[in-house]
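The next block holds one structure in the form of structure tokens; read it before the comments.
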Amino acid sequence: MSDAKAAPSLGRISYQRTARELPRHLRSMLALDDFQQAAKRHLPRMLYGYISGAVETGTAFETSRSAYADYALVPRTLIDVSARSQAHSLFGRTYAAPFGIPPMGGAAIAAYDGDRVMARATAAANIPGCLSASSLTRLEDVRPAGATTWFQGYLPGDQTRIDAMVERVAKAGFDTLVLTVDVPILGNRENNVRNGYSTPIVVTPRLALDCATHPRWLIGTLARTMMTSGMPYFENMDAERGPPLFARNLARNTQHRDRLSWANVAAIRRKWPGKFIIKGILAAGDAILAREHGVDGIFITTHGGRQLDHAIAPLTVLPEIKAVSGDMAVMIDSGVRRGTDVLKALALGADFVFVGRPFMFAAAIGGQEAVQHGIKLLMDEIDRNMAMLGINSIAELTPEHVRRIR
Ligand SMILES: Cc1cc2nc3c(=O)[nH]c(=O)nc-3n(C[C@H](O)[C@H](O)[C@H](O)COP(=O)(O)O)c2cc1C
């Protein structure tokens, strides 16, 4: 008998569109990693390096990624899996899939209108997304584009500035605030220096040549942005507008981030009415402190291997952090690329999984349609893997479905 069963018609997900239904440039995108190769050709070197790059030796990224190979899947058979659904709840809302897209700065320079592209794509797919503090579109203009979008702050250890920003985010209607805590200072990203990327971007002859040799990006993203809305600014670092994207003598205000402490977390918790998430936890002790401070959820992450090199892999510490997290939602990211990765993290106790760079590359090469195609590719993988694991819902996943093999 053929194992090529007809595509399921339960309305969960429509199986892969036939090649003819997709625009030409997306037809060869069969897995999330395919977007990276296409984006490498499309983007100037400085931007491709900024997105793909990691800190120092790249070990934190590699171990975050390779930790998924430390576990093998243990399927169960002869279970009726015809009613399977990957719909999954987080903070009382049911999403179409158990994964989301984490905050990524610079989306609107990698892709035309990138911040809203991400907001629209995640809302259309009914998965969570998150606007970065390093974004270039006013948060007030992004919120209406996607009701599933959260806001992530890079806040300083200065309660006056924090209060003003928290008020601004609440006024704009966001219901979930993510505080990133693994950037007390910027990581040592040598690749940015080598490729001429900085924030703000300083235009040099070398950089101009880099842009000019990527004309599709230059015209379709940069020139189009300048023509439709003028010079982009770092709009969301503080309650007031930050510096422009291109500037010679200006700097983003990253002052006093190294003073941010649990005292600020306590003050934010008192002030912020919505869901409050801390992003950047790798130690069980910090998960306990987060719980004691009334935080609603934590992200176990190495920031995609972009901050502390040799930081421990999120998947490695997931079980011990889950064990002390109480009612907090435990989210994980860094190096997740396949449906099997998502399911391994969920089986080991994650409540939700986030996938970054591939969606930034997708936005760069094909805007909202490409991001939604990427979401669908990952959903298709999860659906197939659920069937072969013998489960009908994400809730049925248990640690018995994975085995540590090295
Ligand atoms: C280009 C880029 C920009 C990012 N900007 C932010 C940011 O502004 N705030 C933040 O908390 N994390 C940021 N991150 C980290 C992501 O939120 C996420 O933790 C990481 O990308 C996950 O790893 P992955 O890309 O391997 O999936 C950024 C990551 C990338 C690749």
Side-chain angles (χ1 to χ4, degrees), residues 32-33 35-36 39 43 46-55 58-68 99-111 114-115 118 122 128-137 139 142 149-155 176-184 186-187 189 191-192 195 197 199 234-237 242 252 254 257 260 277-282 297-308 311 313-315 331-338 341-342 345 350 352-364 371 374-375 378:
L32 290 188
D33 280 339
F35 291 105
Q36 179 154 358
L43 289 169
M46 58 120 183
L47 273 181
Y48 175 75
Y50 160 66
I51 300 166
S52 61
V55 68
T59 304
F61 177 73
E62 279 156 28
T63 46
S64 296
R65 171 85 199 104
S66 67
Y68 285 87
F99 66 89
I101 301 182
M104 284 179 287
I109 184 69
D115 295 316
M118 290 295 192
T122 47
C130 189
L131 179 68
S132 152
S134 298
S135 49
L136 299 163
T137 316
L139 60 89
V142 176
T149 296
W150 307 340
F151 180 78
Q152 172 260 324
Y154 276 138
L155 298 175
T176 305
L177 175 66
V178 178
L179 175 66
T180 295
V181 298
D182 55 9
V183 188
L186 295 172
R189 311 218 190 121
N191 67 299
N192 285 344
N195 294 324
Y197 182 83
T199 49
F234 288 95
E235 299 281 1
N236 303 317
M237 296 290 292
R252 281 190 305 166
T254 55
R257 261 196 223 163
L260 190 70
I277 298 172
I278 291 190
K279 178 171 182 283
I281 300 275
L282 286 170
I298 51 172
F299 261 82
I300 310 177
T301 174
T302 55
H303 211 106
R306 294 162 75 85
Q307 279 300 112
L308 176 66
L315 195 71
M331 290 155 277
I332 188 167
D333 76 17
S334 302
V336 177
R337 294 295 178 268
R338 288 284 184 174
D341 299 336
V342 174
F352 233 79
V353 181
F354 285 75
V355 182
R357 291 178 183 87
F359 292 111
M360 191 81 143
F361 292 131
V371 176
I375 292 169
L378 194 55

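We count ligands from 1, going down the list as the structure has it; atoms in each ligand are counted the same way. For clarity, every value in this text was computed on a predicted model and none was experimentally measured.
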[X]: numbered ligand 1 atoms lying under 4.0 Å from its heavy atoms:
X	result
Tyr50	1 (C), 3 (C)
Ser132	7 (C), 8 (O)
Ser334	22 (C), 23 (O), 26 (O)
Ile51	1 (C), 31 (C)
Thr301	19 (O)
His303	6 (C), 10 (C), 11 (O), 12 (N), 13 (C), 14 (N), 15 (C), 19 (O), 20 (C)
Gly304	19 (O), 20 (C), 22 (C), 23 (O)
Thr180	10 (C), 11 (O)

Legend entry - Whether Gly335 lies under 4.0 Å from ligand 1, heavy atom: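 Contact check Gly335 vs ligand 1: positive.
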Inset, instruction - Could you establish whether Phe61 and ligand 1 come within less than 4.0 Å of each other, counting only heavy atoms on the residue side? - result: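 For ligand 1, residue contact (heavy atoms, under 4.0 Å) with Phe61 is present.
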Inset, instruction - Please test Arg65 against Asp341 for salt bridge (Lys or Arg N to Asp or Glu O under 4.0 Å), starting from the C-alpha separation and ending with a verdict. - result: CA-CA 9 Å; Arg65 171 85 199 104; Asp341 299 336; 2.9 Å; yes
Measuring from atom [atom1] of [X] to atom [atom2] of [Y], what distance do you get when rounded to the nearest 0.5 angstrom?
X	Y	atom1	atom2	value
Ile300	Lys279	CD1	NZ	12.5 Å
Thr302	Leu282	OG1	CG	7.0 Å
Glu235	Ser134	CD	OG	12.5 Å
Leu308	His303	CG	NE2	12.5 Å
Ile278	Met331	CD1	CE	10.5 Å
Arg357	Ile101	CZ	CD1	14.0 Å

Legend entry - Closest to atom 26 (O) of ligand 1 among Met360, Arg337, Gln307 (heavy-atom distance):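 The residue whose heavy atom sits nearest atom 26 (O) of ligand 1 is Arg337.
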Inset, instruction - Can you figure out which of Gln152, Met104, Lys279 has its heavy atom closest to atom 12 (N) of ligand 1? - result: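 It is Lys279 whose heavy atom sits nearest to atom 12 (N) of ligand 1.
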Inset, instruction - Over all heavy atoms of both residues, which pair between Leu155 and Arg257 is shortest? Give the atoms and the distance, please. - result: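 For Leu155 versus Arg257, the nearest heavy atoms are O-CG, 3.8 Å.
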Legend entry - Atom of Ala345, atom of Leu315 and distance for their closest heavy-atom approach: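 That would be CA-CD1, 3.9 Å.
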Identity and distance of the protein heavy atom lying nearest [atom]:
atom	answer
atom 7 (C) of ligand 1	Tyr154 OH, 3.0 Å
atom 1 (C) of ligand 1	Arg306 NH2, 3.5 Å
atom 19 (O) of ligand 1	Asp333 OD2, 2.7 Å

[X] N/O under 3.5 Å from ligand 1 N/O:
X	answer
Gly356	yes
Gly105	yes
Pro103	yes

Inset, instruction - Please find out if less than 6.0 Å separates the ring center of Trp150 from that of Phe352. - result: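 Not close enough - the centres of the two rings lie 6.0 Å or further apart.
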Inset, instruction - Determine, for Tyr197 and Arg189, whether the Lys NZ or Arg CZ falls below 6.0 Å from the six-membered ring centre while staying within 45 degrees of the axis. - result: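 No; the conditions do not both hold, so Arg189 does not lie above the ring face of Tyr197.
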Legend entry - Tyr48: partners by ring-ring contact (aromatic ring centres under 6.0 Å, His included), with sequence neighbours left out: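 Partners of Tyr48 by the ring-ring contact (aromatic ring centres under 6.0 Å, His included) criterion, ordered by chain and then number, come out as Phe361.
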Legend entry - ligand 1 contact on Phe299 by region, counting heavy-atom pairs under 4.0 Å: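 Within the 4.0 Å criterion, Phe299 makes no contact with ligand 1.
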